[in-house]
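Down below is the structure, laid out as structure tokens.
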4 protein chains.
Amino acid sequence: MTSESRQPPARRGAVRSEAARQAILQATAEQFATRGYEHMSIEGIASAAGVGKQTIYRWWPTKGALVTECLLEGRLLPDQLTLPDTGDVRADLRTWIDRILTLLDDPTGQGLWTSLIAAASDNVEIGRKLHDSLGVASSVTQRLAAGVEAGQLAAGTPLTETSEALIGAVIVRALGRIPARPGDADRLLAVVLGPEQSAG
Amino acid sequence: MTSESRQPPARRGAVRSEAARQAILQATAEQFATRGYEHMSIEGIASAAGVGKQTIYRWWPTKGALVTECLLEGRLLPDQLTLPDTGDVRADLRTWIDRILTLLDDPTGQGLWTSLIAAASDNVEIGRKLHDSLGVASSVTQRLAAGVEAGQLAAGTPLTETSEALIGAVIVRALGRIPARPGDADRLLAVVLGPEQSAG
Amino acid sequence: MTSESRQPPARRGAVRSEAARQAILQATAEQFATRGYEHMSIEGIASAAGVGKQTIYRWWPTKGALVTECLLEGRLLPDQLTLPDTGDVRADLRTWIDRILTLLDDPTGQGLWTSLIAAASDNVEIGRKLHDSLGVASSVTQRLAAGVEAGQLAAGTPLTETSEALIGAVIVRALGRIPARPGDADRLLAVVLGPEQSAG
Amino acid sequence: MTSESRQPPARRGAVRSEAARQAILQATAEQFATRGYEHMSIEGIASAAGVGKQTIYRWWPTKGALVTECLLEGRLLPDQLTLPDTGDVRADLRTWIDRILTLLDDPTGQGLWTSLIAAASDNVEIGRKLHDSLGVASSVTQRLAAGVEAGQLAAGTPLTETSEALIGAVIVRALGRIPARPGDADRLLAVVLGPEQSAG
DNA sequence: ATATAAGCGAGACGGTACGTCTTGTCTTGTC
DNA sequence: GACAAGACAAGACGTACCGTCTCGCTTATAT
């Protein structure tokens, strides 16, 4: 007996329109970047997407859910924000943090971050997502674990706390709209991972 | 002839009402705690303060400015959030972080933090204030400097980055609504200040 | 194939709510009578009608338009203000003018008239309507024409000017809040239609 | 003993500023002509007159009172609106009505009249003034009386009603924004004063 | 084939809040 | 004590969105 054999009565009626879904997510990402999480409107998204409001409300309960889905689909954050992997954990983290801090100097990038943070504070789901996936759980923590294993980082380093401190520092700077200065990434890594072991 | 002798034409008209100002800030702080930054309304504040809307708009251009002033007057954050000072920097920081993390377990405290973060992302001023005064510039950094001087912390510790990492970690946890677990503060301090020098 | 077969694209979306329209006109008429044209508020009407303000603004551009529609639907003026028709033009006009002048002694009736006049001076549409339909074009002028034809009035009487003089006299008295005295209607008719042809 | 000898307790303090009074009345007349009775604001008058609002409220209870005083001082109506006096009552009235009807073709003149009417319907005082002084009591009625005495008008003409009908007809046309046509004044006079006695 | 049902675009609805404007009163300091 | 300036509580203005609810159409099974 396969799992497909006992099917539900197979609902009638039109099926969800993928075109509408795409248009909505697209418009959401644009409004998010343009107006920011707080100041974007469902009505604006609907109209920009050429879609009835109800089509949004049918599938997403809140603005937060809409943004979450955009976030999960990678429509909100530029590709350059993924942690690179060259084998050298410390160098990769430095590159990554540098990119983020540089992004913060540009008003658009700044708006993106602050909007993301606003979304996270308004919406538990997004907050959780940010904590879990933007770095803490996945990429960053994994690379840290790999770094410990490879002997590049001190054994016994508390991974979660290290990730939190790194991401957190970046967020604090985003909120403060602090412009990047040379060496920022280095200093931050020195604080969080300990001073660099140079030559012996 | 003193510099006071040449006074400006001495403006006429009624002077700003301190009573109204107090009532407004009071009501703002309450609404901030109750409904959160995003969902509090100027109209609600005016009505709660027994004040005309115009009296608010006359003195504060935006909701953000209103909240900033509350923040500066210490109406938003409970007293227990000031960094204690027993002489032992590390112990003081542990106590302080513990208190914050504990506060985050309570929905009210959580709302307070997330609202503050939302305010900071919406409003440059608040963001800067948060970065400068909630800890980075003043109390935390000063204590860190004192700690370095007293030999309790490693010489050459980058103070700003250390503060940012500490506060940032807390903010990340606030956004993720992560419940506090025993030892959190210790682990965080181990990461940021380096492992504790026990016995010898 | 008739000309109706090629219809316009048949607009979609919910249709205008007749219930809301009725409630709004009803509330408007009440506020008009109670508070007068100048001192009635859209907000008050909306709230009395149990309707969102936008529903009013969606369909009527101004307070004046709202009142005009009430006027056209006969919601503003009591029924007794229609010109009676017994066959004797002069007697009918006397009855009619008497009724109006009497109405003006009562504060409510006075407010009704002055409000109507205020509305007419504020709003071209209403002014035109008042001139055309309250009497000049329709009932009064028609009865005058009939009177001329029946030989009850002098041939060559300028109908428009006669109507205007009659209505105008009433309006002037309304504006002056002049109390009615016996014989007023008679004297006015004597002036405008000429002295009554008694006996012969 | 002169009438000045028994003075009241002789109030102290500054005396009413005639300059302020003039500036206020001037500004009122301008706003009345420009924006109309309903849409002019005390605040606007105060600011245009370079005067504190309180100075207005100190001396006039309402907007209506302010306008009344302007009316009485002849600041609202142009000079050409005084009834001429050549000895021939009928000709004088024709000239006068012609002027008024012509004035109504110009938007400014129209606004003036409709504003005046609006003021009269809002404000009993103004209404009475309009009824009494714009024509009924003073100039028009007096000339009519003179005309009767001189045998130019039929004896027994009810003066008040005749005035009311004349002024009223003009007001009705103002409210209807009816453009003037040649012969209007003649026809109106024919209706109200009876047909012209030509050659007979 | 034909009912039946869901999705869709459009958009009206009852509301809440916005930020502005005006009202009439009160207060301050000058003349 | 009148005045210019201007703050104040109150509240209406007209606009923008909210989230819900009809409409009339277009798909898709299910009979």
Side-chain angles (χ1 to χ4, degrees), chain A residues 9-17 19-21 39-47 49-59 61-63, chain B residues 9-17 19-21 23 39-47 49-59 61-63, chain C residues 9-17 19-21 23 39-47 49-59 61-63, chain D residues 11-17 19-21 39-47 49-59 61-63:
Chain A
R11 40 164 251 93
R12 278 183 295 186
V15 87
R16 177 170 187 182
S17 153
R21 182 172 168 276
H39 302 107
M40 75 202 222
S41 76
I42 299 279
E43 219 146 63
I45 293 171
S47 132
V51 136
K53 276 203 288 178
Q54 195 60 246
T55 303
I56 297 182
Y57 284 111
R58 188 163 16 241
W59 303 110
T62 61
K63 189 165 71 167
Chain B
R11 41 159 256 98
R12 281 185 294 186
V15 90
R16 178 170 186 182
S17 154
R21 183 173 166 276
H39 304 106
M40 75 201 226
S41 77
I42 300 279
E43 216 144 69
I45 293 170
S47 133
V51 135
K53 276 202 288 178
Q54 198 56 49
T55 302
I56 298 183
Y57 284 112
R58 188 165 14 245
W59 301 110
T62 60
K63 192 166 69 168
Chain C
R11 41 159 257 100
R12 283 182 294 182
V15 90
R16 178 172 184 181
S17 155
R21 184 174 165 275
H39 304 106
M40 75 201 223
S41 77
I42 300 278
E43 216 146 68
I45 293 169
S47 131
V51 134
K53 274 202 288 179
Q54 199 55 50
T55 302
I56 297 183
Y57 285 111
R58 185 158 25 237
W59 302 109
T62 60
K63 191 166 71 167
Chain D
R11 36 167 241 95
R12 278 180 297 182
V15 89
R16 177 171 187 181
S17 154
R21 183 173 166 276
H39 304 107
M40 75 202 223
S41 74
I42 301 279
E43 217 145 66
I45 293 170
S47 134
V51 136
K53 276 202 290 177
Q54 197 55 46
T55 303
I56 298 183
Y57 284 111
R58 185 159 24 238
W59 302 109
T62 61
K63 189 166 71 169

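Model, not experiment: these values are computed from the prediction. Protein chains get the first letters and strands the later ones, always in sequence-line order, with residue 1 at the start of each.
- The two atoms that bring B/A20 and B/S17 nearest to each other are N-OG, 2.9 Å, heavy atoms only.
- In this structure, CD1 of B/I56 is placed 12 Å from C1' of E/dC18, rounded to the nearest angstrom.
- Contact record, B/I45 with B/I56: CG2-CD1, 3.9 Å, taken as the closest heavy-atom pair.
- Proximity note for A/R12 (side chain, C-beta onward) versus E/dA5, E/dT28, F/dC3: the nearest is E/dA5.
- Nearest to the side chain of B/R58, among F/dA7, E/dG9, F/dC3, sits F/dA7.
- A cation-pi arrangement is present between C/R16 and C/W59, with the terminal nitrogen or guanidinium carbon under 6.0 Å from the aromatic centre and inside a 45° cone about the axis.
- Two residues, B/K63 and B/A14, neighbour DNA chain E, and the one matched to the more 5' nucleotide by heavy-atom proximity is B/K63.
- The closest side-chain heavy-atom distance from A/T55 to A/R58 is below 4.5 Å.
- In this structure, B/S17 does not reach the F/dA7 phosphate: none of its side-chain N or O atoms is under 4.0 Å from OP1 or OP2.
- By the side-chain contact (heavy atoms from CB on, under 4.5 Å) test, D/A49 pairs with D/A23, D/I24, D/A27, D/V51, sequence neighbours left out.
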Check the interface with nucleotides 20-22 of chain E: list each N/O to N/O pair with the protein under 3.5 Å, or write none.
residue : atom : partner : partner atom : Å
E/dC21  : N4   : B/Q54   : OE1          : 2.8

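- B/G50 comes within contact range of the sugar-phosphate backbone alone, with a heavy-atom separation under 4.0 Å but no base atom that close.
- In terms of the salt bridge (charged side-chain N to carboxylate O under 4.0 Å, His left out) criterion, A/K63 has no residue partners (sequence neighbours excluded).
- Listed by chain and residue number, nothing satisfies the side chain to side chain donor-acceptor pair (under 3.5 Å) test with A/Q54 (two or more places apart in sequence, or in another chain).
- Taking the screw axis at each terminus of the helix from E/dA1-F/dT31 to E/dC31-F/dG1 from five consecutive base pairs, the angle between the two is 10° to within rounding of 10 degrees.
- Between C/W59 and E/dC13, a side-chain N or O to OP1/OP2 separation shorter than 4.0 Å is present.
- Of the two residues contacting DNA chain E, namely A/R16 and C/R21, the nearest-nucleotide position lying further toward the 5' end is that of A/R16.
- With sequence neighbours excluded, no residue forms a side-chain contact (heavy atoms from CB on, under 4.5 Å) with A/S47.
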